[in-house]
Amino acid sequence: MPQPSLKLNETTFTVRDYDLAATLGCGQAFRWELRQGRWHGVVGGISLELWQAEETIFVRSAAPQTTWNWLADYLQVHADLAAITDTFPKEAPMRRAVAACRGLRLLRQEPWECLASFILSSTKQIVQIRQIIARLCERHGHPMTVRPGEAAAFAFPTPVQVAALSEAQLRDCKMGFRAPYLRQTAQMILANEVNLDDLRRLDLPSARASLLGFPGVGPKIADCVLLFAYGFPTAFPVDVWVMKALRRSYFQNRRVPLAQLRYFAASHFGPYAGYAQQYLFHSLRRSEGKKLSP
DNA sequence: TACCAGGAGAGCG
DNA sequence: CGCTCTCATGGT
């Protein structure tokens, strides 16, 4: 029998070195919206509301839960951030980047949503990626249970749902030339050509090779999925921002071939290079005055 | 108005 | 292999 006194749709996490706003707003995930001081989003098919006060993260969900382990994993609240940043190279550029976004965590996202989202990310600004994904979810995702008075929320469309859409329907979500990539990727998953859950048990090169088999997935997007969904700590996505940060801090601002930057990154930043990458990315975007959260 | 965006793929020599 | 061009759309 349910016990009415238990608040099964609320919990809290006690955290140290955690900046929820930086973590949810830094461009690793695209569905979190800040409304009246609280972050609204969907994890594991559950509509959530998160906010932080000092060392506590408050959680409210639309549906009651028997465990919150899945959310602790997504938010990576138990990761030892100090131990991670201690592995970074002891040098001025990394110290500055860490100081500029202390408390930023890498999330552990769901593979399909992460893969699909980054297929839609290529040569798009983060604000536009958010818009495309929001439209895709509103039009084609399953409507979710929300708390009374809350705005409507939608699940991220499943591979089955995306595979059933026409290219024109996807293009109506403003994803442009990425539409056939997303559609074909969904169809490949539906046909079980690649099982995203199986990638969890592979080593980094094997998992990367599998991801590169999807249309619209090259080295950069593959590394994003390896880092943000599968948690491979050395995956190191190099986009235009990271490229600029690396050139500025390590190559006297000279133009450097992409392959050379990747080689440098793989040999220089240590066992949590992917974390280092996100600090370089976010600190540069912050210093350039980007609007990082809505 | 130009230029650019968390790139990838195809065509070329 | 490395280079260049194209792809679609909207922010700045």
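Note: hydrogens, waters and symmetry copies are ignored here, and every other heavy atom, side chains too, is used. Residue numbers begin at 1 in each chain, while the letters A, B, ... track the order of the sequences. Note that the structure is predicted; figures quoted are calculated from it, not measured.
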Sugar-phosphate only, base, or nothing, as touched by Arg178(A) at under 4.0 Å among non-hydrogen atoms: base
Salt-bridge present (Glu91(A), Arg95(A); N to O < 4.0 Å): no
Pair of N/O donor and acceptor under 3.5 Å linking dG6(B) base with Gln128(A) side chain: no
Salt bridge (charged side-chain N to carboxylate O under 4.0 Å, His left out) partners of Glu49(A), counting only residues at least two apart: Arg38(A), Arg60(A)
Euclidean distance for P, dC3(C) against dG6(B) (whole angstrom): 24 Å
Nearest-Å distance for atom pair NZ/C1', residues Lys124(A) and dC3(B): 14 Å
Distance, rounded to the nearest Å, where Glu288(A) contributes CD and dC4(B) contributes P: 13 Å
Pairing of Arg105(A) and Asp17(A) as salt bridge, 4.0 angstrom limit: no
Position toward the 5' end of DNA chain B (nearest nucleotide), Gly216(A) or Phe228(A): Phe228(A)
Any N/O donor-acceptor pair, Gln131(A) side-chain to dG11(C) base, under 3.5 Å: no
Phe281(A) over dG6(B), stacked by centroid distance under 5.5 Å, angle under 30°: yes
Ala152(A) backbone acceptor or donor facing Glu150(A) side chain under 3.5 Å: no
Contact residues, residues 99-119 of chain A to DNA chain B [heavy atom, < 4.0 Å]: none
Qualifying ring-ring contact (aromatic ring centres under 6.0 Å, His included) pairs with a residue from residues 53-73 of chain A, counting only residues at least two apart or across chains: Trp51(A)-Phe58(A), Trp68(A)-Trp70(A)
